[in-house]
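Remember, predicted model here, so these are calculated numbers, not experimental data. Quick note: numbers below take in every heavy atom, side chains included, and nothing from hydrogens, waters or symmetry partners. Order of the sequence lines sets the chain letters (A, B, ...), proteins ahead of strands, with each chain counted from 1.
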Number of protein chains: 2
Amino acid sequence: MASDHDTDRRAARVTAPSTATQARDTLRDAILRGEYLPGERLVEAQLCERLEASRFNVRAALQDLAAEGLVEVQRNRGAHVRKVSMAEAVEITEVRMVVEGLIAARAAERVEPDQATELDEIGVLMRRAVEAGEYRRYSDLNVRLHALIRQIAEHRTADRIVETLRGQLVRHQYMLSLLPGRPQTSLPQHERIIAAIRDHDPKAAEGAMREHIASVIEALRGMDHFGPA
Amino acid sequence: MASDHDTDRRAARVTAPSTATQARDTLRDAILRGEYLPGERLVEAQLCERLEASRFNVRAALQDLAAEGLVEVQRNRGAHVRKVSMAEAVEITEVRMVVEGLIAARAAERVEPDQATELDEIGVLMRRAVEAGEYRRYSDLNVRLHALIRQIAEHRTADRIVETLRGQLVRHQYMLSLLPGRPQTSLPQHERIIAAIRDHDPKAAEGAMREHIASVIEALRGMDHFGPA
DNA sequence: GCGCCGATGATTGTTGACAATCCTGTGAGC
DNA sequence: GCTCACAGGATTGTCAACAATCATCGGCGC
């Protein structure tokens, strides 16, 4: 997580990525892209082959991912991909709501003119994507928007937490994006967030972001009644 | 972190604490009580004696604490107690502000009559402690108040995060409590938080909590000018 | 005297083997 | 047929030794 951004400072000393780190990142990607399903057992010996790493490093990777909340290890029983219940997903998103609210507020305080321009551009592209029915593209833009806001805010502590939380519910989030009518709901919310940040209005930015994520929580709660997976 | 509370569910299966877990908890306590100073190097061999554990388990403990943000490990260079700058301390407290705000709001939604009574009791004791100049006692009550609120809220995700963040700045928090005039400032804030939760007013509870922690941030920023240590 | 370079000790990274534990399937007893 | 106990295999937990790397210090040339 933090190590993803380690390169930006002290670029001189590159310190080889270390096998354990590589194994960790590879495994994280695999879980996040759904190659291992929630609840699935992660056998160390198998991971050794898959990741081309020694058991020692596999173990270290599993321990790290456990700390991130992606896997769960039980003594003498091995590691499983963590299965987050709908109730947990709601809790996680609640925390994300307030922390991303903080990030949005800070972005509104710090935004520079060229960043504001980029925000507006994303907003325009989003509207076009929705009007054209290109939901996949809209989803990509959504990711890009949130990333840009975090970049503007420069709040490393909040960043780390949001990243961790987001990882824990990729699966749910994927299901969410399939909900019909979601873009029509979220587009105006995104536009309000963009406007507030552009106008240097922290309170409005926080409020808009919270409202946006609150509606995600509502959608999650709605999904619960159909398929709790 | 989570394992501290693991006993509450599935109490039947006790699963021995495991050497690694014990080592981790012991070392965390040692760091938190200041036996190792920020920036101090943690040599594996020394920790083996101190914790009466093998190097294998010491390593696992260090890795865990690194994930918690208490120590920092550099490849081939060993582990140090993490030194959090004042800027980071402010960031961390900002996140704590919004997450504890969420917790307070939820506590206001869920509080039961007997819990409300306990809150009020703590409020009374706090006022008495301040009036009597018993600041150490006031500080203990402060901890108890925040813990009770979290217990009422029952928000495990938020709990975990707050606990992690709090651990990262025990040192700063300790310095804070020494600031003269702090109790006079924080007492009315605490009383407002208690009143809002007791009255089932989530918005007011969140606002009061945020205001309270915002003033902690101000105090932190003020400290910066004296001893950045 | 000053700075560079290589040896030396200290410390961490990694491995493979062994021990402890759990899960599975088989068979005896009821 | 069903339950229980008990191997046997699979998987994880732990260790001690070895390899790689880093920090320190002394010597050499300038």
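- Residues satisfying the salt bridge (Lys or Arg N to Asp or Glu O under 4.0 Å) test with A:Arg106, not counting sequence neighbours, are B:Glu91, B:Glu94.
- By the salt bridge (Lys or Arg N to Asp or Glu O under 4.0 Å) test, A:Glu154 is found to be paired with A:Arg110, residues two or more places apart in sequence or in another chain being considered.
- Not a single ring pair (Phe, Tyr, Trp, His ring centres under 6.0 Å) links A:His155 to another residue, sequence neighbours left out.
- Every salt bridge (Lys or Arg N to Asp or Glu O under 4.0 Å) that B:Arg55 has, sequence neighbours left out, goes to B:Glu44.
- Taking atom CD on B:Glu52 and atom P on D:dC15, their separation rounds to 13 Å, with Å as the unit.
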Any chance you could list the contact pattern along nucleotides 9-15 of chain C? Use B for base contacts, S for sugar-phosphate-only contacts and - for none, protein heavy atoms under 4.0 Å, 5' to 3'.
--SBBBB
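- For residues 165-176 of chain A, the salt bridge (Lys or Arg N to Asp or Glu O under 4.0 Å) pairs, not counting sequence neighbours, are A:Glu100-A:Arg166.
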